[in-house]
*Asks:* 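Below is the structure I would like to discuss, written out as structure tokens.
What's counted below: heavy atoms across the whole structure, side chains too, no hydrogens, waters or symmetry copies. Every chain is numbered from 1 and lettered A, B, ... according to where its sequence line falls, protein lines coming before strand lines.
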Amino acid sequence: MNVFGEIRNLIIASLNEMQVLADLPNDLNFDLVAVEPPRNSNHGDMATNAAMVLASQSRKKPLDIASKLAVHLGHSPLVEAVEIAGPGFINIRLTANVWGTVLRAILEDPLAYGRSNIGAAKKVNIEYVSANPTGPLHVGHTRGAVFGDALASLLDFVGFNVTREYYINDGGAQVDVLARSVYLRYLEAHGQKIIFADGTYPGDYLIEVGQALKDKVGDAFVDKDEAMWLAELRQFSIDAMMKLIKTDLLALGIKIDVYFSEKSLYGTGRIESAISNLRDKGLIYEGTLDPPKGKTDVDWEPRKQTLFKSTNYGDDVDRPVQKSDGNWTYFAPDVAYHFDKLTRDFNHLIDVLGADHGGYVKRMKAAVTALSDGQTSLDIKLIQLVRLYKNGVPFKMSKRAGTFVTLRELVDRVGADATRFVMLTRKNDAPLDFDFDKVLEQTKENPIFYVQYAHARICSVMRKATEIGLAIDDATLAGSDLDSLIDSAEITLAAKVAEFPRLVDIAARSNEPHRIAFYLYELASDFHSLWNKGQEQPRLRFLQENNPSTSYAKISLIRSAAVVISAGLGILGVTPVQEMR
RNA sequence: GCACCCGUAGCUCAGCUGGAUAGAGCGCUGCCCUCCGAAGGCAGAGGUCUCGCGUUCGAAUCGCGACGGGUGCACCA
């Protein structure tokens with residue numbers, strides 16, 4: 001049950017009645033009519049701007065519309081009182097039992113609360129992580145992984161048909177570098193002394209890959225020409241790296257539906273057919289680009305290339321798809337890859353990329369618009385940097401010094417739940433500070449703790465309730481009399497719980513899972529506040545001796561809050577805890 | 001030089017896509033444990049929402065222009 005949605009429907013229905021009565025013209029656009037919680041609770045439970053946004057459209061005074069609309073709204077059994085304020089706000093106070101109705105709906109079907117069908121089962125493809133298969137995932141990848149995964153869950157929650165996808169960049173030159181690096185480790189496993197030249201990967205994580213190769217092929221490749229082993233080693237190394245990456249992702253609780261190989265695009269005509277699709281639309285031509293202004297590049301010289309006319313779709317310059325030597329640029333397989341997504345009938349595509357790929361956004365959107373004839377939208381979410389701290393001091397990362405922090409180290413150290421939650425406490429386009437020590441602190445300052453603490457406290461009360469003989473299953477709670485919930489702190493919590501569906505809706509529409517994290521913090525705060533009020537006023541304690549009826553009402557309230565915390569954390573991929581340790 | 005992102009309390013950040021007196025945490029001041037978990041809670045102080053112009057009933061939010069910070073800029077991914 002979405003109270004805000006219901007009240008909005010009520011307002012629209014009332015406006016329609018006014019149209020029938022000729023109090024309003026018939027051709028009105030109601031899109032801007034909003035229902036929201038007022039900032040100041042003295043103004044009631046909800047406010048609408050309907051009269052103001054319709055004033056100019058209908059050529060009537062806001063206050064005239066408001067006064068008539070108020071009369072209509074007043075007839076609803078949901079509405080206790082209506083008042084007009086300021087330039088034409090309509091403040092609505094709901095009848096006390098509305099909150100009880102909401103709580104009852106939650107308890108009757110806890111898993112459904114907050115879910116919706118705004119996605120209408122449309123197919124969405126969300127591509128994230130997509131790290132090069134040349135080594136383990138590090139902290140930077142982690143944020144993108146968590147964001148993408150939470151966004152996928154969020155969209156699933158509101159009724160989209162979501163595919164989680166990972167693009168394996170296994171077609172470029174960096175894979176040869178990987179293979180040669182593994183070869184060195186392989187020689188090392190055979191007892192040879194090795195040196196890592198510039199442009200090879202000296203990381204320890206390849207030692208076991210070299211050993212595994214030795215176990216598999218013995219000395220077959222020792223001191224042999226590169227031509228003999230390169231192809232086989234490429235695949236062997238990629239497989240090993242992808243296994244490593246998948247294990248890391250699993251440690252974070254991430255399961256990708258589709259791994260898509262860049263290499264599978266080569267030699268199969270798939271790049272060619274994507275490019276010829278563009279060519280058929282007159283968007284491919286041979287040309288020479290101007291040198292970038294303001295940036296002096298001594299190596300720059302005019303060269304003829306095959307270009308995609310991305311400027312037709314808002315890009316700054318046209319982009320090369322084929323180099324002057326005839327090879328594809330890195331952009332060409334990306335075009336082919338997105339073309340492949342289009343053939344899989346997605347209604348909407350989302351790419352989650354590091355912020356350093358910002359310059360890539362316009363050309364990719366241009367390509368998708370062109371390939372789909374504007375039928376499919378691509379949204380690109382850029383993820384800003386993570387700055388690591390250790391107890392307040394910046395933690396310098398360096399591959400060379402061995403202080404390079406991997407996803408795995410992060411998860412081993414602070415756990416998947418804390419990692420995920422903290423990564424989502426900032427919006428994606430703002431940099432994030434991640435402090436190893438502070439994410440584990442058990443204080444209010446640490447949002448993951450604060451939210452979990454609220455959930456644990458509720459579970460604690462539930463355990464106590466069972467001990468004193470109360471039946472606290474959801475069905476019993478849903479059947480209890482909730483009219484005794486009248487204190488302002490109780491209403492505040494109930495109202496916050498009632499806001500969940502609306503908040504999920506907003507978060508999903510804006511593709512911003514961090515809103516869920518902030519909401520949960522506020523919800524936890526309202527709960528802790530009520531808890532403490534019970535310390536001073538015994539009548540507000542959740543368990544009332546010799547008064548099971550009141551106890552049931554209060555338990556219903558906090559159980560509903562726990563349901564919402566659990567659902568919200570579920571979207572973020574975090575497991576709610578039953579007790580703090 | 002151009003493009004994208006950002007600029008909100010001393011610090012770190014939210015701000016529901018245009019609504020009423022701009023919020024939270026930290027820090028600062030002062031309170032609250034005979035009690036379902038004080039790992040908490042309450043109250044106070046703290047603001048020219050970087051600046052200017054515009055759009056309108058109404059702007060932190062939208063547009064334009066400054067200023068400041070970050071990122072990226074053919075033939076590497």
*Asks:* Identify whether the glycosidic angle of C42(B) places it syn (within 90° of 0) or anti.
*Replies:*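 You should classify C42(B) as anti.
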*Asks:* I want to verify the glycosidic state of U55(B); is it syn or anti under the 90° rule?
*Replies:*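 It is anti.
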*Asks:* How would you label the contact of Lys533(A) with the nucleic acid (heavy atoms, under 4.0 Å): base, sugar-phosphate, or nothing?
*Replies:*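 Touches nothing.
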*Asks:* With a 3.5 Å distance limit and no angle check, can you tell me whether Gln452(A) reaches the backbone of Thr575(A) through a side-chain donor-acceptor pair?
*Replies:*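 Yes, because the side chain of Gln452(A) sits within donor-acceptor range (under 3.5 Å) of the backbone of Thr575(A).
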*Asks:* Once you apply a heavy-atom cut-off of 4.0 Å, does Glu441(A) come out as touching a base, just sugar-phosphate, or nothing?
*Replies:*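 Glu441(A): no heavy atom of the nucleic acid under 4.0 Å.
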*Asks:* Touch check for Val317(A), heavy atoms < 4.0 angstrom, all strands: base, sugar-phosphate only, or nothing?
*Replies:*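 If one applies the 4.0 Å heavy-atom cut-off, Val317(A) turns out to touch nothing in the nucleic acid.
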*Asks:* Would you indicate what Glu301(A) reaches in the nucleic acid, counting non-hydrogen atoms under 4.0 angstrom: base, sugar-phosphate, or nothing?
*Replies:*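 Glu301(A): base contact, heavy atoms under 4.0 Å.
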*Asks:* Within the pair His514(A) and G15(B), is there a side-chain N or O less than 4.0 Å away from OP1 or OP2?
*Replies:*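 For G15(B), OP1/OP2 do have a side-chain N/O of His514(A) under 4.0 Å.
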*Asks:* Quick one, Arg426(A) with Gln384(A), criterion side-chain contact (heavy atoms from CB on, under 4.5 Å). Give me CA distance, side-chain angles, the key distance, then yes/no.
*Replies:* CA-CA 10 Å; Arg426(A) 206 102 304 174; Gln384(A) 267 291 352; over 6 Å; no
*Asks:* Between the base of A20(B) and the side chain of Asn91(A), is there a donor and acceptor pair under 3.5 angstrom?
*Replies:*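 Per atom types, the contact qualifies.
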*Asks:* With a centroid cutoff of 5.5 Å and a plane-angle limit of 30°, would you call Tyr330(A) stacked on C76(B)?
*Replies:*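 Not stacked: fails the 5.5 Å / 30° test.
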*Asks:* Over all strands shown, is Arg363(A) touching base, sugar-phosphate only, or nothing at heavy-atom distances under 4.0 angstrom?
*Replies:*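 Since no nucleic acid heavy atom lies under 4.0 Å of Arg363(A), the category is nothing.
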*Asks:* Tell me whether the OP1 or OP2 atom of C76(B) has a side-chain N or O from Gln174(A) closer than 4.0 Å.
*Replies:*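 False: Gln174(A) side-chain N/O out of range (4.0 Å or more) of C76(B) OP1/OP2.
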*Asks:* Under 4.0 Å, counting only non-hydrogen atoms across every strand here, what does Asn40(A) touch: a base, just sugar-phosphate, or nothing?
*Replies:*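 It contacts base atoms.
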*Asks:* Are His43(A) and A20(B) stacked, counting the six-membered base ring, centres under 5.5 Å, planes under 30°?
*Replies:*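 One would call His43(A) stacked on the A20(B) base.
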*Asks:* Determine yes or no for a side-chain-to-main-chain donor-acceptor pair under 3.5 angstrom, with Ser310(A) supplying the side chain and Ala366(A) the backbone.
*Replies:*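 Such a contact is absent between Ser310(A) side chain and Ala366(A) backbone.
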*Asks:* Mind checking Phe542(A) for me? I need base, sugar-phosphate or nothing, with any heavy atom below 4.0 Å counting as a touch.
*Replies:*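 Here Phe542(A) touches the bases of the nucleic acid.
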*Asks:* Base, sugar-phosphate, or nothing for Ser529(A), non-hydrogen atoms under 4.0 angstrom?
*Replies:*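 Result for Ser529(A) = sugar-phosphate.
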*Asks:* When rounded to the nearest Å, what value does the distance between C1' atoms of U8(B) and U55(B) take?
*Replies:*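 That atom pair is separated by 23 Å.
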*Asks:* For C16(B), does the base pair up with any side-chain atom of Arg502(A) as donor and acceptor (N or O, under 3.5 Å, distance only)?
*Replies:*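 Flag set: donor-acceptor pair detected.
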*Asks:* Describe the nucleic acid contact of Glu445(A) in one word from base, sugar-phosphate, nothing, applying a heavy-atom distance below 4.0 Å.
*Replies:*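 Touches sugar-phosphate only.
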*Asks:* Spell out yes or no: do the side chain of Asn532(A) and the base of G40(B) have one donor N/O and one acceptor N/O closer than 3.5 Å?
*Replies:*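 Answer yes: a donor N or O sits under 3.5 Å from an acceptor.
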*Asks:* Do Tyr450(A) and Tyr521(A) make the cut of ring centroids closer than 6.0 angstrom?
*Replies:*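 Yes, ring centres under 6.0 Å apart.
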*Asks:* Which part of the nucleic acid does Ser510(A) contact within heavy-atom distance under 4.0 Å: base, sugar-phosphate only, or nothing?
*Replies:*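 Counting heavy atoms under 4.0 Å across all strands, the contact made by Ser510(A) includes a base.
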*Asks:* So what does Arg509(A) hit on the nucleic acid, given a heavy-atom distance under 4.0 Å: a base, only sugar-phosphate, or nothing?
*Replies:*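 Touches nothing.
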*Asks:* Regarding Arg319(A) and the six-membered ring of Phe331(A), is the cationic atom NZ or CZ under 6.0 Å from the ring centre and inside 45° of its axis?
*Replies:*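 No, Arg319(A) and Phe331(A) do not form such a contact.
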*Asks:* Using atom C1' in both nucleotides, what's the gap between A20(B) and G15(B) to the nearest angstrom?
*Replies:*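 Nearest-Å result for A20(B) against G15(B) at atom C1': 15 Å.
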*Asks:* Look at Lys444(A) and G25(B) and indicate whether a side-chain polar atom (N or O) is within less than 4.0 Å of OP1 or OP2.
*Replies:*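 It does, given that an N or O in the side chain of Lys444(A) lies less than 4.0 Å from OP1 or OP2 of G25(B).
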*Asks:* Scan Tyr450(A) against the nucleic acid and name what it touches under 4.0 Å (heavy atoms): base, sugar-phosphate only, or nothing.
*Replies:*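 Sugar-phosphate contact only.
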*Asks:* Indicate, with a heavy-atom threshold strictly under 4.0 Å, whether Tyr521(A) touches base, sugar-phosphate, or nothing.
*Replies:*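 Here Tyr521(A) touches the backbone only, sparing every base.
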*Asks:* Counting side-chain heavy atoms from CB outward, which of G41(B), A38(B), G19(B) is closest to Tyr453(A)?
*Replies:*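 Given the options G41(B), A38(B), G19(B), the side chain of Tyr453(A) is closest to A38(B).
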*Asks:* With sugar-phosphate meaning primed atoms plus P, OP1 and OP2, does Ala85(A) contact a base, only sugar-phosphate, or nothing at under 4.0 Å between heavy atoms?
*Replies:*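 Counting heavy atoms under 4.0 Å across all strands, the contact made by Ala85(A) includes a base.
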*Asks:* Closer than 3.5 angstrom, by distance alone: can the side chain of Arg363(A) be matched with the main-chain N or O of Gly359(A) as a donor-acceptor pair?
*Replies:*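 Indeed, once roles are kept as given, a pair shorter than 3.5 Å links the two residues.
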*Asks:* Is the ring of Tyr360(A) stacked on the base of G72(B), with centres less than 5.5 Å apart and planes under 30° off?
*Replies:*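 Tyr360(A) vs G72(B): stacking no.
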*Asks:* Respond yes when some side-chain nitrogen or oxygen of Trp328(A) is under 4.0 Å from OP1 or OP2 of A77(B), and no when none is.
*Replies:*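 Answer no for this pair, as no side-chain N or O of Trp328(A) is under 4.0 Å from OP1 or OP2.
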*Asks:* Counting only side-chain nitrogens and oxygens, does Lys427(A) get under 4.0 Å of the OP1 or OP2 atom of G15(B)?
*Replies:*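 For Lys427(A), the contact criterion (side-chain N or O under 4.0 Å from OP1 or OP2 of G15(B)) is met.
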*Asks:* With P as the reference atom in both, quote the distance from U56(B) to G70(B) in angstrom, rounded to an integer.
*Replies:*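 About 37 Å, rounded to a whole number of Å.
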*Asks:* I want to check one thing: is the phosphate of A38(B), taken as OP1 and OP2, less than 4.0 Å away from some side-chain N or O of Arg457(A)?
*Replies:*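 Checking A38(B) against Arg457(A), a side-chain N or O does come within under 4.0 Å of OP1 or OP2.
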*Asks:* Is the shortest side-chain N to carboxylate O distance from Lys554(A) to Glu490(A) below 4.0 Å?
*Replies:*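 Looking at Glu490(A) together with Lys554(A), the answer is yes, because their closest N to O distance falls below 4.0 Å.
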*Asks:* Between Gly86(A) and Arg319(A), just flag the one whose closest nucleotide in RNA chain B comes earlier from the 5' side.
*Replies:*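 Here Gly86(A) is the residue nearer the 5' end.
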*Asks:* Closer than 4.0 Å, any side-chain N/O of Lys323(A) to the OP1 or OP2 of C76(B)?
*Replies:*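 True: Lys323(A) side-chain N/O within range (under 4.0 Å) of C76(B) OP1/OP2.
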*Asks:* Do Asp318(A) and Tyr285(A) get their side chains close enough for a donor-acceptor pair, meaning under 3.5 Å?
*Replies:*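 Distance-only check passes for Asp318(A) and Tyr285(A).
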